Amino acid sequence: MGCLLGKLADAPGSSLFFPAAVTAKAGEGDAEAQLSAPAPVHIAAVKKDASGWPLWLSSAAGDALQGWAPRSADAFQKLEKIGSGTYSNVYKAIEVETGAVVALKKVRVDGVGEAESARFMAREIALLRCLGEHDNVVRLHGLVTSRLATAPSLYLVFEYMDHDLTGLVSAATASGARFTLPQVKCYMKQLLSGIEHCHNKGVLHRDIKSSNLLVSEDGILKIADFGLATHFDPDNPRPMTSQVITLWYRPPELMLGATHYSVGVDLWSVGCVLAELLLSEPIFPGRTEVEQLHKVFKLCGTPADDYWDKLKLPHHTFKPYERCMAQKFKDLEPSTLSLLETLLSIDPDMRGTATDALNSEVNTAFTLKASTLKQ
Ligand code: ADP
Ligand code: MG
């Protein structure tokens with residue numbers, strides 16, 4: 001299973017540089033994020049290899065660069081900034097020769113975060129190339145390096161997508177509208193297909209959230225932002241960092257420190273996205289890990305006694321709550337409620353797989369075409 005890039009080591013640890021509150025990406029300053037790259041240095045100071053790739057990149061993601069040549073920044077005309085995350089700015093741009101519209105993702109390089117940013121970028125390139133083409137995974141067209149010796153920079157060139165799901169949820173909230181159930185199901189089916197593809201290729205995304213889900217004008221959903229993704233092999237489990245996934249979408253076991261996990265972590269996040277689409281707002285908007293756990297247990301129920309031993313976690317005592325998901329979503333049709341209940345199971349094994357979810361009644365009964373979702 002999966003693709004053999006073999007460059008991305010993964011082990012638990014803790015962040016040296018970033019306060020835990022920055023985002024889940026901050027946690028990747030730990031051992032897991034150590035690509036087999038040379039010691040971190042400022043990108044602006046590094047040299048290029050014979051093919052013109054910055055050395056930090058070819059050493060960290062060399063396999064993934066095969067068959068590609070760096071393109072010149074002159075080939076693109078930047079139009080406007082369309083997004084920014086903790087580590088990147090994303091611009092809408094036009095390819096001068098063809099007139100094609102693309103998105104250019106430039107990793108922010110500012111002082112102490114620079115080496116971290118480089119690692120995320122190398123990881124994202126390696127994993128995206130390993131994933132290949134899929135309708136519901138954003139397409140990476142190539143890489144651009146700036147020729148300016150004083151300020152060398154690297155951009156990832158992506159297909160351009162018109163929206164992200166956060167923007168669509170906010171627009172719905174602002175207009176007092178809600179997504180219809182067919183719309184929700186159509187997005188879910190595409191999200192689950194993309195996740196199924198990642199998992200079948202041995203990749204955990206580890207940052208599924210609505211701002212990382214891009215949507216085209218004609219309703220096609222694509223998973224983006226593989227900066228936190230990693231390879232996993234269910235037959236040879238190895239410890240991984242628990243410092244992943246943006247807080248609101250993070251499953252309880254990661255907040256409790258689990259280092260052995262699998263597809264269940266992504267499926268929890270998918271459940272949070274499903275709830276968000278249904279409610280038009282994030283379901284667990286905690287400000288701290290403690291508050292986050294409290295919100296989760298209040299709705300999903302406090303774990304039973306056997307949970308701690310089963311997940312090999314130190315036993316904690318929490319206020320006992322009964323699960324009350326069915327009451328909160330009492331107007332939801334049974335098959336969608338059942339999917340939500342499954343994805344938001346406290347026990348990761350009960351979340352099943354993306355394939356199980358795709359085979360569930362909620363999806364097989366559903367035939368609406370994405371194109372009927374025109375934004
Ligand atoms: P980060 O790792 O900094 O979070 P992302 O890849 O998530 O970077 O991009 C940040 C934002 O930029 C996204 O939330 C989205 O709004 C926008 N964006 C990213 N990729 C594209 C794209 N291909 N087309 C259009 N917008 C995009
Ligand atoms: Mg992002």
Side-chain angles (χ1 to χ4, degrees), residues 18 22-29 33 43 61 76 78-95 100-110 113-129 131 133-144 153-171 187 190-191 194 198 203-230 243-250 266 269-270 272-273 276 282 375:
F18 298 93
V22 176
T23 71
K25 279 191 176 155
E28 295 290 303
I43 291 174
F76 296 89
K78 261 191 211 165
L79 297 179
E80 58 183 308
K81 188 165 154 183
I82 51 172
S84 60
T86 314
Y87 288 97
S88 74
N89 285 322
V90 181
Y91 302 88
K92 185 175 183 178
I94 286 193
E95 188 176 21
V101 179
V102 296
L104 295 181
K105 177 170 176 175
K106 180 185 183 187
V107 167
R108 215 174 282 143
V109 282
D110 44 6
E114 189 166 328
E116 298 293 298
S117 308
R119 288 200 196 101
F120 295 136
M121 182 174 255
R123 179 186 291 239
E124 182 157 22
I125 296 163
L127 288 166
L128 276 167
R129 289 211 76 186
L131 284 172
E133 294 197 358
H134 185 275
D135 286 350
N136 305 115
V137 173
V138 73
R139 199 151 300 169
L140 177 65
H141 289 317
L143 303 171
V144 162
S153 48
L154 189 86
Y155 296 85
L156 276 66
V157 187
F158 286 104
E159 62 179 315
Y160 175 75
M161 302 288 286
D162 305 279
H163 309 275
D164 67 28
L165 214 47
T166 302
L168 294 180
V169 169
S170 310
Y187 287 137
Q190 297 181 77
L191 171 54
C198 296
V203 171
L204 293 180
H205 184 282
R206 304 194 304 178
D207 202 15
I208 292 296
K209 59 178 174 177
S210 42
S211 65
N212 287 339
L213 302 176
L214 306 177
V215 181
S216 69
E217 202 61 56
D218 48 5
I220 306 294
L221 179 148
K222 301 200 181 206
I223 301 171
D225 197 353
F226 285 77
L228 274 185
T230 192
Q243 305 277 302
V244 284
I245 307 185
T246 301
L247 189 60
W248 295 357
Y249 302 82
R250 198 178 302 164
D266 282 343
S269 309
V270 171
C272 294
V273 171
E276 185 170 334
Q375 304 304 322

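The analysis underlying the following values was restricted to heavy atoms, covering all of them including side chains, and did not include hydrogens, waters or symmetry mates. First listed ligand is number 1; within each ligand, the first listed atom is number 1. Because the structure is predicted, anything quoted here is derived from the model rather than measured.
Listed by number with element, the atoms of ligand 1 under 4.0 Å from a non-hydrogen atom of I82 are 25 (C), 26 (N). Within ligand 1, the atoms closer than 4.0 Å to a non-hydrogen atom of A103 are 22 (C), 23 (N), 24 (N), numbered from 1 in the order shown. Heavy-atom contacts of F158 reach the following atoms of ligand 1: 23 (N) (cutoff under 4.0 Å). Listed by number with element, the atoms of ligand 1 under 4.0 angstrom from any heavy atom of K105 are 1 (P), 2 (O), 5 (P), 6 (O), 8 (O).
Neither the backbone nor the side chain of T166 has any atom closer than 4.0 Å to an atom of ligand 1 (non-hydrogen atoms only). Of the heavy atoms in S88, both backbone and side-chain atoms come closer than 4.0 Å to ligand 1. Of all the heavy atoms of K92, none lies under 4.0 Å from any atom of ligand 1, so neither backbone nor side chain is involved.
Not one N, O or S atom of S211 sits under 2.8 Å from the Mg ion (ligand 2). In summary, an N, O or S atom of D225 is located under 2.8 Å from the Mg ion (ligand 2).
With no hydrogens or angles considered, a side-chain donor-acceptor pair links T246 and D207 at under 3.5 Å.
Minimum heavy-atom separation, I223 to H205: CG2-CD2, 3.4 Å. What you find for V244 and R250 is that their closest heavy atoms are O-NE, 3.2 Å. The minimum heavy-atom distance between V102 and H141, with the atom names listed, is CG1-CD2, 4.4 Å.
Counting only non-hydrogen atoms, the option in M161, M121, K209 that gets closest to atom 24 (N) of ligand 1 is M161.
With hydrogens and angles disregarded, a donor-acceptor distance shorter than 3.5 Å links the side chain of E159 to the backbone of R139.
Among the atoms of S211, some N or O lies under 3.5 angstrom from an N or O of ligand 1. Annotation: E159 places an N or O atom under 3.5 Å from an N or O atom of ligand 1; distance criterion only.
Figure legend: K78 and Y91 shown as a cation-pi pair, the cationic atom lying under 6.0 angstrom from the six-membered ring centre and within 45 degrees of its axis.
Between K105 and D225 there is a salt bridge, with a side-chain nitrogen of the basic residue lying less than 4.0 Å from a carboxylate oxygen of the acidic one.
Interatomic distance, CZ of R206 versus CD1 of I208, reported as 12.0 Å (0.5 Å rounding).
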